[in-house]
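Chain identifiers are assigned alphabetically (A, B, ...) following the order of the sequence lines, protein sequences preceding nucleic acid strands; residue numbering begins at 1 within each chain. Keep in mind it's a predicted model, so treat the numbers as computed, not measured.
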Amino acid sequence: MASVARVMLDSPLPQLDRLFDYAIPPALASEVVPGVRVTAALRSERRIADGLVVDVGDTSDFDGALAPLESVVSPARVLAPEVWALARRVADRQAGSASDVLRLAIPPRSVAAEKKWLAREAPAVVPVGAVPAVEGYASSAVESAVDGRARVALRSIPGIVELPDGSSVGRWALTLAQAAARTVASGASAILAVPDYRDQEQLEAALRSVVPGELIASLDARRTRPQRYAAFLSCLDDVPRVIVGNRSVVYAPAAKLGLIALFDDGDPLFAEPLAPYAHARDVALIRQEQQSCAVMFAGHTRSVEVQRLIELHFLTELAPVPLVTPKVVPTVAQDPQSRGDAGRVPSAAFRVATEALQAGSVLVQVARPGYVSLLACRRCGQAARCTHCAGPLQLASSHALPSCAWCGRLAGGWACSECANNTYRMVTRGSGRTAEELGRAFPGTRVIVSDGERPVTLVDGEPRTLVVATRGAEPVAVGGYAAVILLDGERMLQRESLHVGDDCLRWWSNATALAAPGATTVLVGVGGPLAQALGLWQQHSYAAAQLIDRRALGFPPAVRVASVTGKPAAVQQALDALLEVPIRDVLGPAPVTADGPRTADGGLVRAVVRFDYAHGSEVATALRGAVLRGATGTRRPPAGQKRQRPAPTLRVKLDDPEIL
DNA sequence: AGCACGCCGACT
DNA sequence: GTCGGCGTGCTC
């Protein structure tokens, strides 16, 4: 019987981010096994911490007397050895704490769900029927990639498929489901990660058509806590499964992992907002290295990150055979004469839509509403101004009163300064407004609106139906749309970001992929390389060109970056720790202004460090050391001052996609 | 983060 | 002589 347990304590403190040895009391000897939750005293008998047993043994490197474990919380071995190895590596790479990663990897415990799971009968091995060949690619190309545990960038086939149960999903979902079915049929598990629940629903429907439902585990955050935990526990069974979920599913325990696949890895939802901020793509790559499974990045576009890995020959490109290229018509002409009756819709797009409405549904993609909905006098068109400071008036939401963008005062009893009229109209419009206008422009059509607040997942695809959707909220149409109109491209491109181009191309490509075979997509008001990439369905060419630009500028993913935020002294201390590390350069430190609610007290600064992939671990180690010193060497303010917040600890973020 | 240990000022 | 103030440092 082992007498020493090595325990990872559940604490975000960087000082505690290492294993602690505890003596195993004889009474607990049979229960203390790797992976179980335990409690243990920390520094005093009165302070009990939660922890996870990583390992057991008979010796300890610790010089002092070992404290005994307090209790075993449950016999469920929730921390699988490979998940521990993954968490440690991810934390080290991100200069963060393993327990922070484990909090993402192991969902909150539900006692009821756990009891039920512990009392279950041994899970039966469900045979997977014959898996049909993955169609649309070179003969058994996808199968070989899965079987050979390859690393591939898969170009998804645009279009919609109808499943045997009558539902319609994106064709990408069926491809991934078949790859997963192949994996399970060979006796291994597959992890499939998607950006959001709408993608997940499609993928689950596709999966149900190719593997028995008992083998599918869905780890989505939309379910209740017990449901989530039950699904997590089912992954611990020694039975190959298909595990589906959002970004954190890449940490799921999986019996004999054979495949990790991400769909649309360029979606910002794959970037983890919680410390240590590891991107699901990076986690998948680490895990594939540790467990020698296949890894697959599928999508209708190519992220610059994946393009880089292809050019390094780390990933192999897998394209459909024959290539499937949707028909895309860019319309750059913006002269007012060419506009049709719908005002915003140029006549070319108007014609396409009118004709297509006879055959089926038409998708109109619009920008997200509510950036700023400025107001103008309904009668004379004069911009509505605040009576107090003359600032522009705006609507925060459709039911809000107009308010001033400058001073924030509500403008309840507004009247036009020019003509004294007291009714206004919106100058920029959201999806609802667009829908109203389009409904008038296309008489006799049914208008369906889908946006972030009220998303629609599926429409029937019947003729004379106009579906107005904000980018990212486009419903799937049975049989595919008869036409797709990408309306607000110009406006989408106005966002100030390093990735506007990539993002827009992704939004447009994903909408285009919802079209029926042979249907036309019209890209309104955009020309240049983006329109060309979409028109030729060569998103990879755009990504390759972007990568060249990023290399020239020294931007990610050509280089890696780390941001260091904190009090000036703490940031300087961190930069000093990097003096011996071969980094490229340091940008800043510069004062942080619009970073969160605390602006007044902080005086925070941020520096950005750029470095090469080859020196990632050295940079992470040095920054981790600085974080540790910042946490332990907390000098309290000199006596006399009231208890001030402890000095803002150093915040280190590696590969933040929003940086620069 | 907690919590204990430690080294200086006013108390029965 | 010791009770307790808070500054410092560690946590198996």
Side-chain angles (χ1 to χ4, degrees), chain A residues 1-29 31-73 79 81 84-85 87-88 91-92 94-104 106 108 274-277 565-567 569-570 573-574 577 596 598 601-602 604 623-652:
Chain A
M1 282 287 173
S3 59
V4 176
R6 273 173 273 285
V7 176
M8 186 70 214
L9 296 170
D10 179 20
S11 162
L13 294 175
Q15 311 90 297
L16 303 183
D17 182 33
R18 57 200 166 87
L19 298 182
F20 287 81
D21 291 351
Y22 282 89
I24 302 175
L28 299 179
E31 297 170 58
V32 178
V33 291
V36 296
R37 266 186 240 267
V38 291
T39 62
L42 183 60
R43 192 84 170 79
S44 84
E45 295 286 314
R46 291 168 44 186
R47 192 178 160 200
I48 303 297
D50 292 326
L52 292 160
V53 174
V54 167
D55 201 3
V56 296
D58 288 307
T59 57
S60 170
D61 293 337
F62 184 63
D63 291 336
L66 299 186
L69 283 178
E70 165 91 7
S71 70
V72 175
V73 174
L79 178 60
W84 164 248
R88 188 64 272 170
D92 289 344
Q94 301 294 121
S97 297
S99 65
D100 283 339
V101 179
L102 291 179
R103 212 161 302 127
L104 300 170
I106 304 173
L274 298 174
Y277 317 107
T565 313
K567 287 253 173 85
Q573 186 251 114
R598 62 167 108 97
D601 77 315
L604 297 183
L623 290 176
R624 185 63 177 165
V627 169
L628 225 104
R629 252 166 289 138
T632 49
T634 304
R635 302 272 172 267
R636 284 205 186 124
Q641 287 187 36
K642 288 285 173 190
R643 61 164 66 158
Q644 198 178 306
R645 258 166 197 266
T649 47
L650 211 53
R651 201 182 68 182
V652 172

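Using a 4.5 Å cut-off on side-chain heavy atoms (C-beta onward), A/V38 and A/S71 make no contact. Side-chain contact check for A/V54 versus A/L79: some heavy-atom pair is nearer than 4.5 Å. When side chains are defined from C-beta on, A/L52 counts as touching A/I106, because their heavy atoms get closer than 4.5 Å.
Stacking between A/F20 and C/dC12 is absent: the aromatic ring centre is not both under 5.5 angstrom from the base six-membered ring centre and within 30 degrees in plane angle.
Heavy atoms of A/Y22 sit under 4.0 angstrom from primed sugar atoms or phosphate atoms, though from no base atom. If you check every strand for non-hydrogen atoms under 4.0 Å, A/A41 touches sugar and phosphate atoms only.
Residue A/R47 contributes atom CZ, which lies 11 Å from atom C1' of B/dA4 at whole-angstrom precision. One interatomic measurement links the two molecules: CG of A/L66 to C1' of C/dC12, which rounds to 6 Å at whole-angstrom precision. One can place CZ of A/R629 at 19 Å from P of C/dT8, the figure rounded to the nearest angstrom. Atom CD1 of A/I24 is separated from atom P of C/dC12 by 16 Å (rounded to the nearest Å). The interatomic distance linking A/R46 (CZ) with B/dC5 (P) rounds to 12 Å, in whole Å. Between A/L42 atom CG and C/dG9 atom P the separation is 19 Å, expressed in whole Å. Distance, A/E45 CD to B/dG2 P: 18 Å, rounded to whole Å.
The residues A/R88 and A/D17 are annotated as salt-bridged, a charged nitrogen and a carboxylate oxygen being separated by less than 4.0 angstrom. Looking at A/R103 and A/D10, a side-chain N of the basic residue comes within less than 4.0 Å of a carboxylate O on the acidic one, giving a salt bridge.
Heavy-atom neighbours of A/D61 CG from other residues, nucleotides or ligands within 6.0 Å: at or below the threshold of 12.
A donor-acceptor contact closer than 3.5 angstrom is absent between the side chains of A/S11 and A/S99.
Non-hydrogen atoms lying under 4.0 Å from DNA chain C are contributed by A/Q15, A/L16, A/R18, all within residues 3-19 of chain A.
For A/R43 against C/dC10, a side-chain-to-base donor-acceptor contact under 3.5 Å is present.
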